[in-house]
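Please read all numbers here as calculations on a predicted model, not as lab measurements. Each residue takes its place number in the sequence, starting with 1.
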Amino acid sequence: MVESRRYDLKRLAGLACGVIGAFLVALGAVVYQLTKDSTGVQVWFLRFVLMYFLTLPYITLKSMKQELPKMNFKSAVYLFAFGFVSVGASLTFYLSLDEFSAGDSLAISSSYLVITIALSYLFLKEKQHPIVIVLSIVSMVGVFLVARPTFIFGDNEEVNAKPDQNRALGIVYSILSAFFTAFRFTLGRKLNNTVHVSQMLIFTCTQALIAFPIYSITTNQGWYIPCMSDWGILIASALCCAVSNAVIALALQLERAGPVSIVCSLLIAFGFILEIVLLKTVPQVTSVVGALLVFLGSVGTIFVQMKFSHVT
């Protein structure tokens with residue numbers, strides 16, 4: 001009885017960590033949009049700087065104790081690819097925040113599960129339950145409603161949109177983020193049990209720190225120093241996203257991946273709620289309905305996979 005109670009408390013703690021992690025992701029995205037003179041690439045860069053220095057002591061200790069698995073050439077190639085798509089997923093997400101609302105961006109970016117299913121079928125030869133196909137269509141309809149293409153909905157600009165924002169570009173960035181995230185999950189499964197999570201983090205951070213100057217030189221963005229009032233907001237946003245990684249990693253140690261993925265999907269709802277509270281904006285009805293469909297499609301897919309595919 002005591003062991004059962006401890007196990008239940010452990011699972012509950014894992015789910016709580018998942019909720020906190022999802023909240024921090026949404027909070028980081030919404031808080032960034034409080035800045036006045038900053039770009040998404042700057043908070044993106046700060047995020048990886050923080051992650052690097054938070055991960056470095058841990059991986060150094062693991063290395064000194066010789067507790068890190070030795071990588072072969074194949075694992076190194078997969079690790080490089082994992083870092084590349086991870087950098088791409090986060091960069092395109094932050095760039096999308098410069099073009100339209102955090103709630104819409106979070107909703108479209110969260111459709112990565114549908115793409116992950118397609119990639120797992122193509123590259124991992126994993127067959128999917130018919131219900132999953134239906135739920136994928138539901139999620140895609142949700143993305144369509146959030147995107148609100150002008151050839152159907154007309155040129156209905158958001159009331160609270162900034163003059164220099166390009167909604168179409170924001171949609172493209174969010175979809176790219178979803179694609180990169182799907183590849184990240186697929187490659188992450190390829191790396192399962194071959195590398196340590198700290199190796200994946202430090203490798204990704206290193207690639208991000210290299211990518212920042214390349215991106216900035218190419219696009220001439222992000223080099224300038226933001227105004228003093230933005231610095232606190234940028235650090236808070238970057239810290240939220242950096243801590244969320246650690247909290248979600250802890251959640252996955254305490255509870256199965258399926259339930260943790262379900263509670264992490266709450267970041268879609270958190271994004272819209274935080275926009276209303278912090279930014280004083282009211283999301284469009286199509287965005288709310290679309291985000292709800294994406295959420296239901298994601299949660300339903302995870303439930304089906306847990307029941308029929310024995311995904312833990």
Side-chain angles (χ1 to χ4, degrees), residues 19-47 88-112 139 142-143 145-148 156-178 180-181 222 226 229-230 232-245 247-248 263-295 298:
V19 173
I20 294 171
F23 178 80
L24 288 173
V25 171
L27 181 61
V30 175
V31 164
Y32 162 68
Q33 294 196 322
L34 291 170
T35 59
K36 300 176 182 178
D37 185 38
S38 303
T39 62
V41 70
Q42 291 169 324
V43 69
W44 170 78
F45 175 67
L46 279 175
R47 171 192 177 182
S90 57
L91 177 59
T92 49
F93 173 72
Y94 280 107
L95 291 176
S96 74
L97 294 177
D98 286 333
E99 307 301 338
F100 70 157
S101 71
D104 286 357
S105 182
L106 287 167
I108 295 178
S109 300
S110 296
S111 64
Y112 66 84
S139 292
V143 171
L145 290 175
V146 174
R148 295 194 301 276
N156 52 347
E157 293 295 327
E158 293 182 51
V159 176
N160 301 289
K162 297 178 182 178
D164 58 343
Q165 285 185 326
N166 185 339
R167 182 177 178 83
L169 184 59
I171 293 168
V172 171
Y173 280 139
S174 295
I175 293 174
L176 282 174
S177 178
F180 278 124
T181 302
S229 61
D230 278 3
I233 298 174
L234 287 174
I235 293 173
S237 176
L239 190 60
C240 283
C241 294
V243 173
S244 69
N245 287 328
V247 174
I248 293 174
V263 296
C264 282
S265 297
L266 289 172
L267 64 86
I268 300 174
F270 287 144
F272 284 105
I273 294 171
L274 288 169
E275 276 191 328
I276 295 172
V277 174
L278 297 180
L279 304 181
K280 310 300 181 184
T281 62
V282 179
Q284 295 200 20
V285 175
T286 51
S287 290
V288 176
V289 174
L292 181 61
L293 291 177
V294 174
F295 174 74
S298 299

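- When atom types are taken as modelled, the side chain of S237 and the backbone of G28 share a donor-acceptor pair closer than 3.5 angstrom.
- In this structure F23 satisfies the ring-ring contact (aromatic ring centres under 6.0 Å, His included) test together with F270, sequence neighbours excluded.
- The main-chain N or O of V146 is never found under 3.5 Å from a side-chain atom of Q284 such that the two would form a donor-acceptor pair.
- A donor-acceptor pair under 3.5 Å links the side-chain atoms of T181 to the main chain of S177, judged by distance alone.
- Evaluation of the side-chain contact (heavy atoms from CB on, under 4.5 Å) rule for F45 yields V49, L209, F212 as partners, not counting sequence neighbours.
- Of all non-hydrogen atoms in V41 and L91, the two that sit nearest each other are CG2-CD1, 4.1 Å.
- L169 is linked by a side-chain contact (heavy atoms from CB on, under 4.5 Å) to E99, N166, Y173, counting only residues two or more places apart in sequence or in another chain.
- No side-chain donor-acceptor contact under 3.5 Å links Q33 to the backbone of L279.
- Y32 pairs by the side chain to side chain donor-acceptor pair (under 3.5 Å) definition with D98, not counting sequence neighbours.
- Rounding to the nearest 0.5 Å gives a distance of 10.5 Å between CG of L145 and CD1 of I108.
- With sequence neighbours left out, T39 forms a side chain to side chain donor-acceptor pair (under 3.5 Å) with no residue at all.
- Taking the side-chain contact (heavy atoms from CB on, under 4.5 Å) definition, one finds that A178 meets it with S111, Y112, I115, sequence neighbours left out.
- Listed by chain and number, the residues in a ring-ring contact (aromatic ring centres under 6.0 Å, His included) with F272 amount to none (sequence neighbours excluded).
- Residue S174 holds its OG atom at 7.5 Å from CG of L97, rounded to the nearest 0.5 Å.
- Closest approach of E275 and S101 over heavy atoms only: OE2-CB, 2.9 Å.
- By the side-chain contact (heavy atoms from CB on, under 4.5 Å) test, I20 is found to be paired with L24, V247, residues two or more places apart in sequence or in another chain being considered.
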Note to self: Between R167 and D104, is the side-chain contact (heavy atoms from CB on, under 4.5 Å) condition met? List the steps.
What the structure shows: CA-CA 10 Å; R167 182 177 178 83; D104 286 357; 3.2 Å; yes
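- Here the closest heavy-atom approach between residue V43 and residue L234 is recorded as CG2-O, 3.6 Å.
- S38 is linked by a side chain to side chain donor-acceptor pair (under 3.5 Å) to D230, counting only residues two or more places apart in sequence or in another chain.
- S105 and F93 get closest at one heavy-atom pair: OG-CE1, 3.4 Å.
- Residues A22 and L267 come closest through the heavy atom pair O-CB, 3.5 Å.
- When every heavy atom of I248 is checked against every heavy atom of G21, the shortest pair comes out as CG1-CA, 3.9 Å.
- Annotation: ring-ring contact (aromatic ring centres under 6.0 Å, His included) contacts of F180 (sequence neighbours excluded): none.
- Considering OG of S287 and CD1 of I268, their distance stands at 12.0 Å, rounded to 0.5 Å.
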